[in-house]
Engineer: 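First, the structure itself, so that you have it in front of you.
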Amino acid sequence: MSKRHLAFVCQNCGAAASRWQGRCEACGEWNSLTEEGGDKPVGPRKPAKGRLFKLEPLTGEAKDAPRLPSGLSELDRVTGGGFVRGSVILMAGDPGIGKSTLLIQASAALARAGHRAVYISGEEAAAQVRLRAERLGLSDAPVELASETSVEDIIATLSEGKVPRLIIIDSIQTMWTDAVESAPGTVTQVRGAAQTLIRFAKRSGAAVILVGHVTKDGQIAGPRVVEHMVDAVLSFEGEGSHQFRILRAVKNRFGPTDEIGVFEMTGAGLREVSNPSELFLSERDLGSPGTAVFAGMEGTRPLLVEIQALVAPTSLGTPRRAVVGWDSSRLAMVLAVLEAHCGVKLGGYDVYLNVAGGMRINEPAADLAAAAALISSLANSPLPADAVYFGEVSLSGAIRPVSHSPARLKEAAKLGFARAVMPEAARGEAGDPAIRFMTVGQLSGLVADIAALGKPRPVAEPRRKDG
Ligand code: TYD
Ligand code: MG
């Protein structure tokens with residue numbers, strides 16, 4: 001056998017090494033190096049003469065509509081308006097989250113609209129995919145179906161006849177190509193197969209969606225390099241016990257990355273949720289302390305979610321801080337501001353924070369709602385059920401303005417909320433008379449207000465400065 005170089009490949013990051021090591025030098029992962037056939041033997045080769053190609057101007061005429069809406073508007077919202085010709089999307093998610101279901105629904109919708117859609121499954125037999133389609137009521141859609149794993153065979157078959165408008169490869173981890181010698185499932189194979197499929201997409205103009213599995217720690221299994229090779233990476237998320245599924249763009253060369261698509265997994269497949277606020281607030285615990293409604297934004301769409309907090313005396317030496325659906329360092333920051341500027345002592349308390357419905361919030365605007373929920377739980381006094389909160393807390397304890405206040409207020413009014421607690425500075429741009437607004441300049445002001453709520457009061461709600 002000829003001498004091979006770089007025959008050990010890290011299964012986490014795809015870095016190559018010439019000998020086995022316990023730890024990958026590139027990514028630091030332990031025990032991730034596996035011997036692979038390696039690329040072709042390195043040796044002196046006759047340099048091939050390059051093929052001449054045509055250079056084109058930027059202003060060429062586009063052959064066809066460059067984007068094709070999928071027929072699922074929540075999916076289109078995330079991709080930025082539909083599938084772009086010749087583009088490749090990686091759809092990543094935990095096993096069982098609903099990737100195959102979403103993609104068979106999307107391909108059926110496209111096929112019904114008269115486009116050629118091909119679904120290649122490397123995991124399930126064609127009969128299994130057909131069975132699922134039947135269950136979803138999609139049997140009549142003219143989707144072309146196959147169970148195949150050889151990339152060369154797939155490309156040869158799809159090169160015949162009319163170019164497919166959409167090709168689903170479910171999943172990229174099951175594909176293998178002759179071009180590399182490694183075993184199927186290895187990083188080198190996944191990368192090689194992805195490369196070949198991407199080249200086919202660019203050449204033929206078909207949009208290709210690669211399904212990718214995610215490992216336990218949330219990484220897209222196999223090479224991270226596939227993420228860099230494709231045009232867009234969509235992540236399909238959801239808490240196992242909730243029926244909500246959220247589609248996010250992690251990377252998108254042709255659209256925004258802050259939009260989310262919301263779906264609900266039902267017995268008849270994924271249902272689009274066009275008014276997610278209603279869904280996230282559908283099971284509210286009215287009148288219990290420690291919950292606050294946050295008027296958030298996801299991309300261009302306002303989204304109301306409930307933030308729940310529990311502050312309880314600790315029985316341990318070091319109090320616990322646990323957070324689901326929000327950034328734990330932001331929680332630490334809000335707690336520090338409460339201690340330092342508002343006289344709220346939390347050193348002897350465990351603190352738990354949860355975003356209801358399996359939603360994950362990234363916005364700093366959630367600071368004020370989180371703080372309100374925390375104080376409400378500590379004071380054991382429920383917040384008004386008809387109030388929403390938004391605003392960023394700065395380290396000095398000031399409440400800072402956030403973007404899109406009018407959209408947040410409008411959504412809150414639409415869902416029947418009567419008042420909004422928000423930054424002082426947002427008063428100017430908030431022109432909506434449908435909702436009363438109370439502004440707070442300092443976090444300590446909010447603490448005092450909530451403490452006042454807890455006092456027994458004979459009359460109705462204390463009236464506060466209105467907008
Ligand atoms: P699937 O699309 O196979 O997930 P993935 O391809 O991401 O691994 O979805 C599997 C789960 O979805 C399974 O637990 C059953 C559930 N499901 C429904 O609840 N309703 C349905 O109509 C379908 C098709 C699946
Ligand atoms: Mg699947």
Engineer: Evaluate the criterion salt bridge (Lys or Arg N to Asp or Glu O under 4.0 Å) for residue pair E144 and R116; output intermediate values, then yes/no.
Structural biologist: CA-CA 8 Å; E144 293 168 57; R116 186 177 177 206; 2.9 Å; yes

Engineer: In terms of heavy-atom contacts, does NZ of K251 have more than 12 from other residues, nucleotides or ligands at under 6.0 Å?
Structural biologist: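 Result for NZ/K251: enclosed.
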
Engineer: Salt bridge between R248 and E237, side-chain N to carboxylate O under 4.0 Å?
Structural biologist: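 Salt bridge flag = yes for E237 with R248.
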
Engineer: Looking at R132 and E124, is there a salt bridge between them, counting it only when a charged N and a carboxylate O are closer than 4.0 Å?
Structural biologist: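 R132 and E124: salt-bridged.
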
Engineer: Please tell me if the side chains of I361 and I307 come closer than 4.5 Å, counting only heavy atoms from C-beta onward.
Structural biologist: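 Heavy-atom side-chain distance check passes, below 4.5 Å.
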
Engineer: Test your reading of the model: is there a side-chain donor-acceptor pair from K410 to the backbone of P302, 3.5 Å cut-off?
Structural biologist: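 Side chain of K410 to backbone of P302: no pair is present.
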
Engineer: Test W20 against F8 for side chain to side chain contact (heavy atoms under 4.5 Å, CB included), laying out the working first.
Structural biologist: CA-CA 6 Å; W20 191 84; F8 292 89; 3.7 Å; yes

Engineer: Under a 3.5 Å distance rule, please check whether Q189 uses its side chain to pair with a backbone N or O of T186 as donor and acceptor.
Structural biologist: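 No, Q189 side chain to T186 backbone: no donor-acceptor pair under 3.5 Å.
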
Engineer: Please check if the side chain of S377 supplies one atom and the backbone of V311 the other of a donor-acceptor pair under 3.5 Å.
Structural biologist: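 The answer is yes, because a donor-acceptor pair under 3.5 Å joins these two groups.
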
Engineer: Looking at R253 and D231, is any side-chain nitrogen of the basic one under 4.0 Å from a carboxylate oxygen of the acidic one?
Structural biologist: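 Judged by the 4.0 Å cut-off on N to carboxylate O distance, D231 and R253 do form a salt bridge.
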
Engineer: Which heavy-atom pair separates C27 from C24 by the least distance, and what is that distance?
Structural biologist: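 Heavy atoms only, the tightest pair is N-SG, 3.5 Å.
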
Engineer: Quick check for you: to the nearest 0.5 Å, what is the distance between S171 atom OG and L90 atom CG?
Structural biologist: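 Here the rounded value is 10.5 Å.
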
Engineer: Measure the shortest side-chain to side-chain distance between M297 and F390 over non-hydrogen atoms and say whether it is less than 4.5 angstrom.
Structural biologist: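 No, their side chains stay 4.5 Å or more apart.
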
Engineer: Any side-chain donor paired with an acceptor under 3.5 Å for E123 and H213?
Structural biologist: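 There is such a pair (donor and acceptor under 3.5 Å, judged by atom type) between the side chains of E123 and H213.
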
Engineer: Are the charged groups of R360 and E298 less than 4.0 angstrom apart, N to O?
Structural biologist: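 Salt bridge flag = no for E298 with R360.
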
Engineer: Would you give the length of the straight line joining atom OG1 of T79 to atom CG of L234, rounded to the nearest 0.5 angstrom?
Structural biologist: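 One gets 7.0 Å once the value is rounded to the nearest 0.5 Å.
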
Engineer: Between I209, L210, I89, which is the residue that forms a side chain to side chain contact (heavy atoms under 4.5 Å, CB included) with V230?
Structural biologist: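 The option that passes is L210.
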
Engineer: I'd like to know if the side chain of R245 and the backbone of E264 have a donor-acceptor N/O pair within less than 3.5 Å.
Structural biologist: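 It does not hold such a pair.
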
Engineer: With rounding to the nearest 0.5 Å, note down the distance linking CG in L247 to CZ in F263.
Structural biologist: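 Spacing of CG (L247) from CZ (F263) equals 5.5 Å.
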
Engineer: Who pairs with T177 by side chain to side chain donor-acceptor pair (under 3.5 Å), at least two apart in sequence or on another chain?
Structural biologist: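 T177: side chain to side chain donor-acceptor pair (under 3.5 Å) contacts with E152.
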
Engineer: May I ask you to check whether S274 and E74 show a side-chain donor-acceptor distance below 3.5 Å?
Structural biologist: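 Their side chains do not contain a donor-acceptor pair, so the 3.5 Å distance test is not met.
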
Engineer: Applying side chain to side chain contact (heavy atoms under 4.5 Å, CB included) to V393 and I399, what does each step give before you reach the verdict?
Structural biologist: CA-CA 5 Å; V393 173; I399 308 297; 3.9 Å; yes

Engineer: Less than 4.0 Å between a side-chain N and a carboxylate O, is that true for D140 and R112?
Structural biologist: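 Salt bridge between R112 and D140, a charged N being under 4.0 Å from a carboxylate O: yes.
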
Engineer: For S139 and R130: C-alpha separation, side-chain torsions, deciding distance, then whether side chain to side chain contact (heavy atoms under 4.5 Å, CB included) applies.
Structural biologist: CA-CA 7 Å; S139 313; R130 209 175 289 130; over 6 Å; no

Engineer: S121 and D170: side-chain donor and acceptor closer than 3.5 Å?
Structural biologist: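 Their side chains do not contain a donor-acceptor pair, so the 3.5 Å distance test is not met.
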
Engineer: Does a side chain donor of either Q243 or T266 reach within less than 3.5 Å of an acceptor in the other side chain?
Structural biologist: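 No pair is found: no donor N or O on one side chain lies under 3.5 Å from an acceptor on the other.
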
Engineer: State whether the side chain of D350 and the backbone N or O of R320 hold a donor-acceptor pair below 3.5 Å, judged by distance alone.
Structural biologist: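 Checked: pair present.
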
Engineer: Evaluate the side-chain proximity of C10 to S32: yes if any heavy-atom separation is below 4.5 Å, no if none is.
Structural biologist: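 Yes; the side chains approach each other to less than 4.5 Å.
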
Engineer: Write down the atom of A322, the atom of L331, and the distance for their closest heavy-atom approach.
Structural biologist: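 In terms of heavy atoms, the two residues are closest at O-CD2, 4.4 Å.
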
Engineer: So do the side chains of F200 and S159 get within less than 4.5 Å of each other, counting heavy atoms only?
Structural biologist: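 Yes, close enough: below the 4.5 Å cut-off.
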
Engineer: Under 3.5 Å, side chain of K99 to main-chain N/O of G93, donor-acceptor pair present?
Structural biologist: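 Flag set: sc K99 to bb G93 pair under 3.5 Å.
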
Engineer: Do you know which two heavy atoms are closest between L415 and S277, and how far apart they sit?
Structural biologist: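 Taking L415 first and S277 second, the nearest heavy atoms are CD1-CB, 3.2 Å.
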
Engineer: State, to 0.1 Å, how close V78 and I260 come at their nearest heavy-atom pair, and which atoms those are.
Structural biologist: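 Of all heavy-atom pairs spanning V78 and I260, the closest is CG2-C, 3.6 Å.
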
Engineer: Shortest non-hydrogen contact from V88 to A201?
Structural biologist: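 Taking V88 first and A201 second, the nearest heavy atoms are CG2-CB, 3.6 Å.
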
Engineer: Does G261 offer a backbone N or O that forms a donor-acceptor pair with the side chain of R77 under 3.5 Å?
Structural biologist: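 The answer is no, because no donor-acceptor pair under 3.5 Å joins these two groups.
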
Engineer: Please report the closest heavy-atom contact between R135 and G267, naming both atoms and the distance.
Structural biologist: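 In terms of heavy atoms, the two residues are closest at NH2-O, 3.8 Å.
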
Engineer: If you round to the nearest 0.5 Å, how far is CD of E363 from CG of D327?
Structural biologist: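 Answer rounded to 0.5 Å: 13.0 Å.
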
Engineer: Between D367 and E392, is there a donor-acceptor pair closer than 3.5 Å when you use the side chain of the first and the backbone of the second?
Structural biologist: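 Answer holds: no.
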
Engineer: Only one of I169, V129, I167, L166 passes side chain to side chain contact (heavy atoms under 4.5 Å, CB included) with Y119; say which it is.
Structural biologist: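 So, applying the side chain to side chain contact (heavy atoms under 4.5 Å, CB included) to Y119 and each of I169, V129, I167, L166, only V129 qualifies.
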
Engineer: Do D76 and R67 have side chains that get closer than 4.5 Å, going by heavy atoms?
Structural biologist: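 In short, these two side chains do not touch, never coming nearer than 4.5 Å.
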
Engineer: Using side chain to side chain contact (heavy atoms under 4.5 Å, CB included), reason through V334 and L374 one step at a time and then give a plain yes or no.
Structural biologist: CA-CA 9 Å; V334 169; L374 291 165; 4.1 Å; yes

Engineer: Evaluate the side-chain proximity of F417 to L304: yes if any heavy-atom separation is below 4.5 Å, no if none is.
Structural biologist: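 Contact flag for L304/F417 side chains = yes.
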
Engineer: Would you say that R419 contacts V388 through its side chain, given a criterion of any heavy-atom pair below 4.5 Å between the two side chains?
Structural biologist: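 They are not in side-chain contact.
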
Engineer: In Å, rounded to the nearest 0.5 Å, how long is the span from CG of L110 to CG of L72?
Structural biologist: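 Output value for this atom pair is 8.5 Å.
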
Engineer: Looking only at atom types and distance, does a side-chain atom of W176 sit under 3.5 Å from a main-chain N or O of A183, one as donor and one as acceptor?
Structural biologist: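 No; judged by distance alone, with no hydrogens or angles, the pair does not exist.
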
Engineer: Answer yes or no: is there a side-chain heavy-atom contact under 4.5 Å between F254 and S87?
Structural biologist: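 Side-chain contact under 4.5 Å: yes.
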
Engineer: Nearest 0.5 Å, what's the CE-CZ distance between M229 and R191?
Structural biologist: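 So the gap between those two atoms works out to 8.0 Å.
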
Engineer: Are the side chain of S376 and the backbone N or O of G290 linked by a donor-acceptor pair below 3.5 Å?
Structural biologist: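 Looks like yes, one N/O pair under 3.5 Å.
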
